[in-house]
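To keep things clear, I will list the structure first and then write my remarks on it.
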Amino acid sequence: MIVRTTDEITGTERDVSGGSWRSKRIILADDGVGFSFHETTIETGAVCDFHYRYHVEAVWVVEGRGTLTDKETGEVHELRPGTMYLLDGHERHRVTCTEQLRMFCVFNPPVTGREVHDETGAYPPPEALPA
């Protein structure tokens with residue numbers, strides 16, 4: 001059994017900031033459960049481009065407002081509490097935040113916590129990460 005609080009994670013290596021976003025990585029690959037689970041916040045006014053080429057991500061919005069844009073189709077979706085989106089096609093996407101967003105995210109395969117977004121917003125494939 002694993003029990004953690006976000007208070008325990010705050011300020012540790014599991015608390016990762018990308019400037020306008022922050023991810024508290026509650027469950028990571030080394031926990032051995034086959035997925036990772038994160039609490040992510042994005043600051044008001046931020047525009048973030050992401051692309052998870054090697055991961056499927058599910059996101060549940062619990063606070064805030066914004067939009068999600070599919071950069072491949074141009075389709076725009078409203079983000080607000082109760083919205084879920086699933087990036088099951090590895091879509092390039094943009095999150096535009098109009099009111100600070102707080103979301104819970106699940107990644108498969110799990111992230112290790114050492115990933116860094118490249119210039120396209122993508123993480124490297126899991127096997128390419130240094131040990």
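Residue indices begin at 1 and follow the sequence shown.
No chain of hydrophobic side-chain contacts below 4.5 Å, direct or via other Ile, Leu, Val, Met, Phe, Trp or Tyr residues, connects V61 to V76. Under the 4.5 Å side-chain heavy-atom criterion for ILVMFWY residues, no single connected hydrophobic cluster contains both W60 and M103. Placement of L101 and Y85 within a single hydrophobic cluster is found when ILVMFWY residues are connected by side-chain heavy-atom separations under 4.5 Å, directly or transitively.
Side-chain contact between T83 and E78: absent, with no pair of heavy atoms (C-beta onward) separated by less than 4.5 Å.
In terms of heavy atoms, F35 sits closest to I27 at O-CG2, 3.6 Å. Across all their heavy atoms, C48 and S20 have their closest contact at SG-OG, 3.5 Å. Taking both residues in full, the closest heavy atoms of L86 and A58 are given as CD1-CB, 3.7 Å, listed atom of the first, atom of the second, then distance. The minimum heavy-atom distance linking E91 with E72 is given by the pair CA-OE2, 3.6 Å. P109 and H55 make their closest contact through O-CD2, 2.9 Å (heavy atoms, listed as atom of the first residue, atom of the second, distance). Residues E43 and G19 share a closest heavy-atom pair of OE2-O, 3.5 Å.
Put simply, the residue from T112, V111, V33 that forms a side-chain contact (heavy atoms from CB on, under 4.5 Å) with L28 is V111. The one candidate from D49, T69, T67, D70 that meets the side chain to side chain donor-acceptor pair (under 3.5 Å) condition with R94 is D49. Considering T96, L79, V47, V95 as possible partners of I42, the one that fulfils the side-chain contact (heavy atoms from CB on, under 4.5 Å) test is V95.
The pair E99-R80 does not count as a salt bridge, with every side-chain nitrogen at least 4.0 angstrom from each carboxylate oxygen. Looking at D15 and R22, a side-chain N of the basic residue comes within less than 4.0 Å of a carboxylate O on the acidic one, giving a salt bridge.
Judged purely by atom type and a 3.5 angstrom limit, E39 has no side-chain atom pairing as donor or acceptor with the backbone of R102. Side chain of R14 to backbone of I26: a donor-acceptor contact under 3.5 angstrom is found. Here the side chain of H51 pairs a donor or acceptor atom with the backbone of H90 at under 3.5 angstrom.
Between H93 and F50, the ring-plane angle classifies as tilted under the 30° and 60° cut-offs. Ring geometry, F37 versus F104: the interplanar angle falls under 30°, so the pair is classed parallel (tilted spans 30 to 60°). Relative orientation of the Y52 and F107 rings is perpendicular, given thresholds of 30° and 60° on the angle between their planes.
We find the CZ-CG distance between R4 and D31 to be 4.0 Å, quoted to the nearest 0.5 Å. Rounding to the nearest 0.5 angstrom, the gap separating the NZ atom in K24 from the OG1 atom in T40 is 11.0 Å.
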